[in-house]
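Take a look at the structure set out below.
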Amino acid sequence: MAVDGGYDWDGRWNHVRKFLERPGPFAHPDFEPCTESLQFLLEMCKILVIGAGGLGCELLKNLALSGFRLIHVVDMDTIDISNLNRQFLFRPKDVGRPKAEVAADFINNRIPGCKVVPHYKKIQDFDESFYRQFHIIVCGLDSIIARRWMNGMLISLLSYEDGVLDPSSIIPLIDGGTEGFKGNSRVILPGMTACIDCTLELYPPQINFPMCTIASMPRLPEHCIEYARILLWPKEKPFGETSLDGDNPEHIQWVFKKSIERAAEFHITGVTYRLTQGVVKRIIPAVASTNAVIAAACSLEVFKIASSAYIPLNNYLVFNDVDGLYTYTFEAERKENCSACSQVPQNLQFPPSAKLQEVLEYLMENASLQMKSPAITTTLEGKNKTLYLQVFNFTEHTHFFYLGLSDGQELAVADVTTPQTVLFKLNFTT
Amino acid sequence: KFQPGYLCLKLWGDHGQDTLENAHVCLINATATGTEILKNLVLPGIGAFTIVDGHTVTGEDNRAQAATELLQELNSHVSGNFVEESPEKLLDNNPDFFHRFTIVIAVQLPESTSLRLGSVLWSASIPFLVCKTYGLIGYMRLVVQEHTVIESHPDSALEDLRLDKPFAEFKNHLQSFDLESMNKKDHSHTPWIIIIAKYLEKWLSEHNYKPPQNYKEKEAFRQLIRDGIRKNENGVPEDEENFEEAIKNVNTALNQTKIPSAVEELFNSEQCNNINSESSSFWVMLRAVKDFVHSEGNRDLPVRGTIPDMIADSQKFINLQNVYRTKAMQDAAAVSTHVQRLLQSLGKVCKNASFLRVVRCRSLAEEYGVDSVNKDEITSCMDNPDSEMVFYLILRGVERFYQQHSRYPGVYNYQVEDDISKLKLCVNSVMQEYNLNVNIKDDYVHEFCRFGASEPHTVAAFIGGSAAQEAIKIISHQFVPFNNTFIYNAMLQTSATLQL
């Protein structure tokens, strides 16, 4: 609660100091109780929060109330009315404003001394020099691509001397995710513990409805809505060249009307305005309580790492409160040949008669890679050559032979899921 | 007018949202934990809350008032009230005060007050949720005599397809399909439910009317279906995804239709068999379902009426879906002849007949009573001295410490060292009272003194989210709440649910 007068009234940080100034049997082996720890937290420790949505709002509040003051927050979105049932730093009057800015203002006004710096930007808008300044980074994202990019960025900051990792180049990454009544929180020490890509199979690819169902064989109200969104909107251009905006009630009304017509054709019931909006905006049901729990766990890990007051979570917590309350804590293992953190060129096994198309499919469909739109380059006759870019897709159907690729060829693959290129080695099978 | 709570409808439906909007929650003590819990109830849209708190904020407003104002901002549709009074005073002067609430949530209450309040609420059949954040330990205790869950929404629910006991309308519908004579397009767009049903008919006629029983037979049945895939001129099987779906679903499709044991237990319970004017609507409806089971239902529950999405052309899918839906509505109507009211709620009960649950918690008096304490649970958990149970036991010792010394252990730095042995004595005296012979590691007692009765915000927020969701479950009668003690160990990020 806000109090008039300067910051740090008597006893303000008592609850935090107990953990910083007292020894205990469960503290980290490096922990030394002292009064300077509080100063470090208040004046020097720099935390980056990625995302100012459901998790982000909770993270900012928890960190600020735990003594962290130098906090930066990055979020590329503006506030939507559908956010207000859990993103409690926002009010109806804030709709349309950038989340990062409104969140920062709220915290700075409500918690004296706190200096949250907002960035209304994408994480990809920043480079190593930005990320390097932080002691700990905590993510509250709703996109696996963004997570993997962040993961890759921190891995790229690692420095090795004679093959040995320099610990001072490690920036711990705390990652939280929620969906309905389920959530997870994990601690990643890049280069040392399992990274996002090491456990990519834990994030199954999202399923979209097949086009043939939408185009000719709808069965569910959702199929009818997707028909209007994907096929009718680009064809009929009801509002000129404007693309469909899920926040524009007129747009939703149009999609809703067309969906009803489609549904009537096939005797499908269940199309409602609310469902239409949910499908168009891909709204995943979210509730304040799950975000509160996961953000709480994540913020506590930030505190543990910053203070050494306890040994951090090792390293993955799963939470589910559908039936009672269930948690499962385990140590996710590093993958020896992880495409992100193992520094080992990935193996590609294909017969010499294969086409580039098959490599592309593998890169996108393999559960451990899940690339979105890979671009492939290689070195041929000493020169860097682009083999495939989505824009110029004629090489897809070309055989390796005609591209001049040989056994052992190294391919460099770039993709939105990583800030660095991933190295692959092409091995011909007999 | 926009209500932020409407955005939760996908999770618990209009019905669930209505119960929230009609609820009046009482929070005792607007501490960090208390305000976090309320925040997570105000955001999804509970109708009203009342904070009971006799404490004042350092030099400023009463804590209850300050909290009420801040929480009110989060959702203008929620009505917030506060009472600047300690719960002890209210229990002394006006215990009936608590009767108006849908649920009472108490945070950081001393043991004696919890027990007193627990007794009042138990007699009034008002759910009581006791929460505590103590250093890096979180604690929740649910106290409710009998809580009925109409929609438990289990994560992995089996479909209710009745393929082992096809009802007349389904058999009729099945007759309209002749897989052999269908054209190519129809054949590859026939729903897998029809495919399995057809091949099952074939199997039964060839196997003395016994369905596939073991792995070997199920494999043979799958092969029978696989053989049904059309082949092209060269004898190569066509790409018939609906047949692949059928093969994949053989195992679950052949599941026996039966009444879940949890529901059988409910049918056999006292409340179901002795329906009277005091019976709640849950028991009246349950009885109606039971009576249906013994008559029109032919010993089975009403048909659920939903089918999963599957590869099929629109018409075949919709028609099949309608066969199940119509049957479900017929069954619901039959149940309603066994009951005279609440047709709307009745729809919910029929669709969820197999998901009905009742949760009964022991009272605090039973937990604390020397003769009724759950010794077995305590000693079996403590076979592992690092079990979360140890934190419960030390919390009991901490309350004993408070009773003896009128303060909590280790609040000031200079107290920590000496309080360790004092706390240990208190813990041991509690164990002795209950005749419990368990090993409580000194390290844990030490850590509790280090905690100094602090309420770190991160732990408060964890309990805040957890408690709010359990309260929502109680209010909405959807999803199964925990029973009855939840311990969160933030040091290791683990938790446990204990029945005490």
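Remember, it's a predicted structure, so these values are computed and weren't measured experimentally. Residue numbers begin at 1 in each chain, while the letters A, B, ... track the order of the sequences.
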Exercise. Would you say Glu261(A) has more than 12 foreign heavy atoms packed within less than 6.0 Å of its CD?
Worked result: yes
Problem set entry | Crowding at CD, Gln315(B) (>12 non-hydrogen neighbours, <6.0 Å) |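 Counting neighbours around CD of Gln315(B), 12 or fewer heavy atoms of other residues, nucleotides or ligands fall under 6.0 Å, so no.
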Under a 4.5 Å cutoff for heavy-atom pairs, which residue among [options] has the most contacts with chain A?
options	answer
Ala312(B), Ala468(B), Cys449(B)	Ala312(B)
Ile472(B), Leu136(B), Val411(B)	Leu136(B)
Leu492(B), Leu142(B), Asn413(B)	Asn413(B)
Asn483(B), Ile37(B), Asn40(B)	Asn40(B)
Ser314(B), Ala467(B), Ser454(B), Ala32(B)	Ser314(B)
Ser152(B), Gly135(B), Ala496(B), Gly410(B)	Gly410(B)

When [options] are compared by non-hydrogen pairs under 4.5 Å with chain B, the top option:
options	result
Pro218(A), Ser299(A), Ser66(A)	Pro218(A)
Ser289(A), Pro312(A), Ala292(A)	Ser289(A)
Thr269(A), Ile268(A), Leu220(A)	Leu220(A)
Arg17(A), His15(A), Glu21(A)	His15(A)
Leu300(A), Asn314(A), Leu313(A)	Leu300(A)

Problem set entry | Trace of the ring-ring contact (aromatic ring centres under 6.0 Å, His included) decision for Tyr488(B) with Tyr139(B) | CA-CA 6 Å; Tyr488(B) 167 58; Tyr139(B) 164 88; over 10 Å; no
Where does [X] contact chain A at under 4.5 Å (heavy atoms): side chain, backbone, both or neither?
X	answer
Thr497(B)	side chain
Phe448(B)	neither
Val149(B)	neither
Lys39(B)	side chain
Pro456(B)	both
Phe451(B)	both
Glu36(B)	side chain
Ile318(B)	side chain
Met310(B)	backbone
Gln469(B)	both

What part of [X] gets within 4.5 angstrom of chain B, counting heavy atoms only: side chain, backbone, both, or neither?
X	result
Phe90(A)	neither
Thr213(A)	neither
Phe88(A)	both
Ala295(A)	neither
Leu325(A)	both
Ile311(A)	backbone
Pro23(A)	backbone
Arg219(A)	both

Do [X] and [Y] have side chains that get closer than 4.5 Å, going by heavy atoms?
X	Y	answer
His147(B)	Pro481(B)	yes
Ile47(A)	Leu63(A)	yes
Asn83(A)	Asp80(A)	yes

With distance as the sole criterion, is a donor-acceptor pair present between the side chains of [X] and [Y] under 3.5 Å?
X	Y	result
Asp419(B)	Tyr408(B)	no
Glu455(B)	Thr33(B)	yes
Glu301(A)	Gln493(B)	yes
Asp53(B)	His55(B)	yes
Ser188(B)	Asn242(B)	no
Thr494(B)	Glu388(B)	yes

Exercise. Is Gln72(B) reaching over with its side chain to a backbone N or O of Val78(B), donor-acceptor style, under 3.5 angstrom?
Worked result: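 Checking the backbone N and O of Val78(B) against the side chain of Gln72(B), a donor-acceptor pair under 3.5 Å is found.
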For this session: With salt bridge (charged side-chain N to carboxylate O under 4.0 Å, His left out) as the test, would you mind laying out the steps for Arg110(A) and Glu73(B) before giving the verdict?
Result: CA-CA 13 Å; Arg110(A) 195 63 71 93; Glu73(B) 271 182 45; 3.5 Å; yes
Exercise. Under 30°, 30 to 60°, or over 60°: which ring-plane class applies to Phe486(B) and Phe482(B), parallel, tilted or perpendicular?
Worked result: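 Correct class here is perpendicular.
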Without placing hydrogens or testing angles, list every side-chain donor-acceptor pair under 3.5 Å for residues 316-323 of chain A, not counting sequence neighbours.
| residue | atom | partner | partner atom | Å |
| --- | --- | --- | --- | --- |
| Asn320(A) | OD1 | Val322(A) | N | 2.9 |
| Asn320(A) | ND2 | Asp155(B) | OD2 | 3.3 |

Problem set entry | Leu275(A) versus Gly270(A), closest heavy-atom pair with distance |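 Smallest heavy-atom distance, with atoms named: CD2-O, 3.5 Å.
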